[in-house]
Participant: 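Attaching a single structure in C-alpha cells format; questions to follow.
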Amino acid sequence: MTEKTFGPFELQKAYSTEPVPDDFVLRRRISTAMRTLSERVIRAEVDQATLQHWAEQLEAVVATVGEPERRDSKQANRKLFTGAATIEDLYHMMDFDPVSGGANPIAPQVTWVQEGQEGVEGTLRLGQQYQGPPGRVHGGVIAWILDAVLSRALHAAFRLGVTGTLNIRYLAGTPIEDTITCRARITGQEGRKIFIEGSIWHGDQQTVHAEGVWLTPKSLG
Ligand SMILES: CCCCC/C=C\C/C=C\C/C=C\C/C=C\CCCC(=O)SCCNC(=O)CCNC(=O)[C@H](O)C(C)(C)COP(=O)(O)OP(=O)(O)OC[C@H]1O[C@@H](n2cnc3c(N)ncnc32)[C@H](O)[C@@H]1OP(=O)(O)O
C-alpha cells in the first residue's frame, strides 16, 4: 500500500483527523511532562536539599539526551508544496509550532473550537511561568500568542503569509491560571497585503485587541 500524501490545502484536515504517528505520541508525552514541570517548579516553596535533588535529576536527563541529530524542516515544507508530504512530515511542521504545537515543550496549548474562512477561535490557560505583573499574563507572551492566532486565521482561509506588522492594544489585564479565549479573522486584502484582527477575552471582558498586516511572499502572491 502506498503511503497517503498531502498538499497545503489538506494540511489542517489531515493534522486533525489522521492518527497521531507513534513517535509523536511519545514526543507529546515528553513535552507535556516538560510543560507541567515548568509550571510546577516556578515559585515552588521547597527547601535547599529538594532544589539540589531536582537540579541533579534534571541535569542527568539533559546529559542522557545529549545533542541529537535533527531533521531539516525545510525538506518537509518543500514536500508539502508539491503535495508529497506524509503525515509524519505534517507533524514535523505543525507539532513543533511554538504556539499550540503538542510536541513543543514551550508551546502554550490552545484548544481550537472554531477554524474556518470566517475566522478562528481557541481557548487556553496560561500558568505562572507566563506571568508578567502579579496574576496577569506578560504582555510579550500575549503578542507571541496573538501572532500565532492571527496567522491561524490566515491559514484557515487557505492563504499564506508572514507577519509584516502586528499592533497590540492592551485594554485590561489578562489573568493567568484561568481560561481565556482568542479570536481572529481576516478583515481585508490589498494585493499581497492581508489585514487581520484579533482579540483576547476573559469571559465577557475583552482584554486585548490586535490588528496586523500579513504579506504573501512574492513567490506565492
Ligand atoms: C493554504 C493552507 C495553509 C495551511 C498552512 C500552511 C503551511 C504552514 C506551514 C508551516 C506552519 C508552521 C508554522 C507557522 C509559522 C509561522 C506563523 C507565525 C507568523 C510568523 O511568525 S512570520 C515571522 C515573522 N515575520 C517575518 O519574519 C517577516 C520579515 N519580513 C519580510 O520577510 C519582508 O519584510 C516582508 C515579506 C514582510 C515584506 O517584504 P516584501 O519585499 O514582500 O515587501 P514590499 O517592499 O514588496 O512591499 C509590498 C507592500 O507591503 C507593504 N509592506 C512591506 N513590509 C511591510 C510590513 N512589514 N508591514 C506592513 N506592510 C508592509 C509595503 O508598504 C507595500 O505596500 P504597497 O504595495 O501598498 O506600497
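Just follow the structure's listing: the first ligand is 1, and inside any ligand the first atom is 1.
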Participant: Taking CZ in Arg169 as the centre, count heavy atoms belonging to other residues, nucleotides or ligands within less than 6.0 Å. Is the count above 12?
Facilitator: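 No, CZ of Arg169 has 12 or fewer neighbouring heavy atoms, counting only those of other groups under 6.0 Å.
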Participant: Do you know the tightest heavy-atom contact between Val65 and Pro68?
Facilitator: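 Smallest heavy-atom distance, with atoms named: O-CD, 3.6 Å.
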Participant: Heavy-atom distance to atom 48 (C) of ligand 1: which of Lys218, Arg192, Lys193 wins?
Facilitator: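 The residue whose heavy atom sits nearest atom 48 (C) of ligand 1 is Arg192.
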Participant: Report yes or no: does Ala148 have a heavy atom closer than 4.0 Å to ligand 1?
Facilitator: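 Checking ligand 1 against Ala148, which is what was asked, there is no heavy-atom contact under 4.0 Å.
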Participant: Ignoring hydrogens and angles, tell me if any N or O in the side chain of Glu10 forms a donor-acceptor pair with the backbone of Gly7 under 3.5 Å.
Facilitator: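 Judged by distance alone, yes, a pair lies under 3.5 Å.
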Participant: On a heavy-atom basis, which atom in Ile196 and which in Thr187 lie closest, and how many Å separate them?
Facilitator: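 Here Ile196 and Thr187 meet closest at N-OG1, 4.1 Å.
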Participant: Give a yes or no on whether a salt bridge exists between Glu39 and Arg125, defined as a side-chain N under 4.0 angstrom from a carboxylate O.
Facilitator: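 Salt bridge present between Glu39 and Arg125.
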Participant: Against heavy atoms of Met93, which atoms of ligand 1 measure under 4.0 Å?
Facilitator: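 Answer, ordered by atom number: 9 (C), 10 (C), 12 (C).
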Participant: Under the 4.0 Å line, does any protein heavy atom show up next to atom 41 (O) of ligand 1?
Facilitator: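 Within 4.0 Å of atom 41 (O) of ligand 1, protein heavy atoms are found.
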Participant: Hey, does Ser151 come in under 3.5 Å of ligand 1, counting only N/O atoms on both sides?
Facilitator: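 No, since none of the N or O atoms of Ser151 sits under 3.5 Å from an N or O of ligand 1.
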Participant: Is it true that Arg71 and Asp89 have a side-chain N and a carboxylate O under 4.0 angstrom from each other?
Facilitator: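 Looking at Arg71 and Asp89, the cut-off is met.
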Participant: Does an N or O anywhere in Met94 fall below 3.5 Å from an N or O of ligand 1?
Facilitator: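 By distance alone, the answer is no.
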Participant: Quiz question for you: does at least one protein heavy atom lie closer than 4.0 Å to atom 58 (N) of ligand 1?
Facilitator: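 Yes, because at least one protein heavy atom sits under 4.0 Å from atom 58 (N) of ligand 1.
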Participant: Could you report the tightest heavy-atom contact between Gly161 and Leu154, atom names first, then the distance?
Facilitator: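 Of all heavy-atom pairs spanning Gly161 and Leu154, the closest is N-CD2, 3.3 Å.
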Participant: Quick one: look up the protein heavy atom nearest atom 32 (O) of ligand 1 and list residue, atom name and how far away it is.
Facilitator: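 Scanning the protein heavy atoms, the shortest distance from atom 32 (O) of ligand 1 goes to Val162 CG2, 4.3 Å.
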Participant: Are the side chains of Ile87 and Phe6 in touch, meaning some heavy atoms are under 4.5 Å apart?
Facilitator: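 The answer is yes; the side chains approach within 4.5 Å.
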Participant: Considering only non-hydrogen protein atoms, determine which one is nearest to atom 20 (C) of ligand 1 and report residue, atom name and distance to 0.1 Å.
Facilitator: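 That would be Thr163 OG1, 3.3 Å.
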Participant: Can you pull out the closest protein heavy atom to atom 3 (C) of ligand 1? Residue, atom name and distance to 0.1 Å, please.
Facilitator: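 Ranked first by proximity to atom 3 (C) of ligand 1 is Leu160 CD2, 3.6 Å.
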Participant: What do you think, any protein heavy atom under 4.0 angstrom from atom 53 (C) of ligand 1?
Facilitator: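 No, there is none.
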Participant: Give the minimum heavy-atom separation between Ile186 and Ala153, together with the two atoms involved.
Facilitator: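 Answer, listing the atom of Ile186 first, then Ala153: CD1-O, 4.0 Å.
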Participant: Looking only at protein heavy atoms, identify the closest one to atom 21 (O) of ligand 1 and say how far it is in Å.
Facilitator: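 Among all protein heavy atoms, the one nearest atom 21 (O) of ligand 1 is Asp147 OD2, 3.3 Å.
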Participant: Return the residue, atom name and 0.1 Å-rounded distance of the protein heavy atom closest to atom 15 (C) of ligand 1.
Facilitator: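 Scanning the protein heavy atoms, the shortest distance from atom 15 (C) of ligand 1 goes to Asp97 OD2, 5.0 Å.
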Participant: Return a yes/no value: protein heavy atom under 4.0 Å from atom 30 (N) of ligand 1?
Facilitator: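 No, no protein heavy atom sits under 4.0 Å from atom 30 (N) of ligand 1.
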Participant: For atom 1 (C) of ligand 1, what is the closest protein heavy atom, and at what distance to 0.1 Å?
Facilitator: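 Atom 1 (C) of ligand 1 sits closest to the protein heavy atom Phe9 CE2, 3.4 Å.
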Participant: Which residue owns the protein heavy atom closest to atom 2 (C) of ligand 1, what's the atom, and how far is it?
Facilitator: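 Minimum-distance protein heavy atom for atom 2 (C) of ligand 1 reads Pro8 O, 3.5 Å.
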Participant: Which protein non-hydrogen atom lies closest to atom 55 (C) of ligand 1, naming both residue and atom, and how far is it?
Facilitator: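 Heavy-atom neighbour on the protein nearest atom 55 (C) of ligand 1: Leu215 CD2, 4.0 Å.
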Participant: Quick one: does Asn77 get an N or O within less than 3.5 Å of an N or O on ligand 1?
Facilitator: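 Between Asn77 and ligand 1, no N or O pair is found under 3.5 Å apart.
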Participant: Has the side chain of Glu211 got a donor or acceptor atom that lies under 3.5 Å from a matching backbone atom of Gly198?
Facilitator: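 The answer is no, because no donor-acceptor pair under 3.5 Å joins these two groups.
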Participant: Minimum heavy-atom separation for Pro175 to Val137, with atom names?
Facilitator: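 Distance-wise, the nearest heavy atoms are O-CG2, 3.6 Å.
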Participant: Between the main-chain N or O of Asn104 and the side-chain N or O of Arg35, is there a donor-acceptor pair closer than 3.5 Å?
Facilitator: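 Checking the backbone N and O of Asn104 against the side chain of Arg35, a donor-acceptor pair under 3.5 Å is found.
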Participant: Under the 6.0 Å and 45° cation-pi test, does Arg27 pair with Phe24?
Facilitator: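 The answer is yes; both the distance and angle limits are met.
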Participant: Hey, looking at atom 5 (C) of ligand 1, which of Gln12, His155, Arg159 has the closest heavy atom?
Facilitator: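 It is His155 whose heavy atom sits nearest to atom 5 (C) of ligand 1.
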Participant: Of the backbone atoms (N, CA, C, O) and the side-chain heavy atoms from C-beta on, which set of Glu190 has a member under 4.0 Å from an atom of ligand 1: side chain, backbone, both, or neither?
Facilitator: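 Within the 4.0 Å criterion, Glu190 makes no contact with ligand 1.
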Participant: Would you say atom 27 (O) of ligand 1 touches the protein, meaning some protein heavy atom is under 4.0 Å from it?
Facilitator: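 So atom 27 (O) of ligand 1 lacks protein heavy-atom neighbours under 4.0 Å.
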Participant: Among all the protein's heavy atoms, is there at least one whose distance to atom 62 (C) of ligand 1 comes out below 4.0 Å?
Facilitator: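 There is no protein heavy atom less than 4.0 Å from atom 62 (C) of ligand 1.
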Participant: Check each atom of ligand 1 against the heavy atoms of Thr165 and keep those under 4.0 Å away; list them by number with element.
Facilitator: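 Once the distances to Thr165 are compared, the set is 56 (C), 57 (N), 58 (N), 59 (C).
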Participant: Can you confirm whether some protein heavy atom lies under 4.0 Å from atom 45 (O) of ligand 1, or whether none does?
Facilitator: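 Within 4.0 Å of atom 45 (O) of ligand 1, no protein heavy atoms are found.
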Participant: I need the minimum non-hydrogen distance between Leu160 and His155, along with the two atoms involved.
Facilitator: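 The pair with the smallest heavy-atom distance is CD2-CD2, 4.1 Å.
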Participant: For ligand 1, which atoms sit closer than 4.0 Å to a heavy atom of Gly164?
Facilitator: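 The atoms of ligand 1 under 4.0 Å from a heavy atom of Gly164 are 56 (C), 57 (N), 58 (N).
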Participant: Ignoring hydrogens, tell whether any protein atom lies closer than 4.0 Å to atom 23 (C) of ligand 1; use the non-hydrogen atoms only.
Facilitator: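 Under the 4.0 Å cut-off, atom 23 (C) of ligand 1 has no protein heavy-atom neighbours at all.
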Participant: If the threshold is 4.0 Å, N to carboxylate O, is there a salt bridge linking Arg185 and Glu197?
Facilitator: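 Yes, this pair counts.
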